[in-house]
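See below for the structure under consideration.
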Amino acid sequence: MSRPFAVLFDVDGTLVDSNYLHVHAWARAFREEDIDVESWRIHRSIGMDGSTLVANLSGDASDAVQQRLKDRHSNLYKDSADLIVRLPRARELLHHLAENEVRVVLASSAPDDELAITRTVLDSDDAIAAATSSKDVDTAKPDPDIVEVALERAGVPADRAVFVGDAVWDGEAATRIGVPFIGVRCGGVADSELEKAGAQAVFDDPRDLLEHLDTTVIGARIHEAADSTK
């Protein structure tokens, strides 16, 4: 493209079917520390910065307990890695974008070891221009810092990018700095909540987005680039 354009993707719950594995891992971690947290409350926090999630859900737990919770969640989640699968046509969506000269960036706040697992599941490194992880910021979503890092790595300003995600935290982080947000339902969040968080459109999953890409700002940018080369 004469003016580069990027699509920034959340990963967990957006490209890979992992949200409920995270819920299960967090639930076990809390129960092992004798902290009562219902699974629905955990699910509504998935996609939030891990330290913020623990602080919000663990009450007045000490710093040592909060660190144990994070470590235990990570270990339990990695133990379930063989259950993680790509969401429908996620790989095809990433490759379609890359083939149309869109810069694909994984705007993840997951730790490097967890991100490595999901990248293996995605099997799409040849289509991915850049990625972020938890080490890149002090506090992740809903703070916009991770989105800013993703934009920097994509080499584009906010008005030349779109963020695709499954959580309200994705929408809040993106729209705070002027990046349009497209929501997907496959993380288990209602349309109304995604729309309240700024979603311009909501699709079932990567397959639904790919099949209706022309109805989105992403499709418009691709056609704009194609027309400029004629």
Mark yes or no for whether [X], through its side chain, and [Y], through its backbone, hold a donor-acceptor pair below 3.5 Å.
| X | Y | answer |
| --- | --- | --- |
| Ser45 | Arg41 | yes |
| Arg86 | Val121 | yes |
| Thr14 | Val11 | no |
| Asn100 | Val102 | no |
| Ser62 | Val65 | yes |
| Ser74 | Lys70 | no |
| Arg91 | Asp123 | yes |
| Asp205 | Arg207 | yes |
| Gln66 | Ser58 | no |
| Thr132 | Ile146 | no |

For Ile117 and Asp113, run side-chain contact (heavy atoms from CB on, under 4.5 Å): C-alpha distance rounded to whole Å, both residues' side-chain angles, the deciding distance at 0.1 Å, then the answer.
-> CA-CA 7 Å; Ile117 293 169; Asp113 52 355; 5.9 Å; no

Between Phe163 and Phe181, how do the two ring planes meet: parallel, tilted or perpendicular, split at 30° and 60°?
-> tilted

Contact check, side chains of Ile218 and Ile182, non-hydrogen atoms, under 4.5 Å = yes

Does a side-chain heavy-atom distance below 4.5 Å link Asp126 with His95?
-> yes

Are any of the side-chain nitrogens in [X] or [Y] under 4.0 Å away from the carboxylate oxygens of its partner?
| X | Y | answer |
| --- | --- | --- |
| Lys135 | Glu114 | no |
| Glu32 | Arg72 | yes |
| Asp166 | Arg185 | no |

Under 3.5 Å, sequence neighbours excluded: what are the donor-acceptor pairs made by side chains of residues 149-159?
unit_1	atom_1	unit_2	atom_2	d
Arg153	NH1	Ala131	O	2.8
Arg153	NH1	Asp136	OD2	3.1
Arg153	NH2	Asp136	OD1	2.8

Are more than 12 heavy atoms from other residues, nucleotides or ligands located less than 6.0 Å from atom NE2 of His24?
-> no

Pick out which of Val7, Leu93, Asp204 makes a side-chain contact (heavy atoms from CB on, under 4.5 Å) with Leu209.
-> Leu93

Give the intermediate values and the outcome of side chain to side chain donor-acceptor pair (under 3.5 Å) for residues His22 and His43.
-> CA-CA 8 Å; His22 278 295; His43 179 259; over 6 Å; no

List the steps, then state whether side chain to side chain donor-acceptor pair (under 3.5 Å) holds for Gln67 with Asp71.
-> CA-CA 6 Å; Gln67 186 60 53; Asp71 291 344; 3.0 Å; yes

List the steps and the verdict of salt bridge (Lys or Arg N to Asp or Glu O under 4.0 Å) for Glu38 and Arg44.
-> CA-CA 10 Å; Glu38 303 98 319; Arg44 292 183 64 82; over 6 Å; no

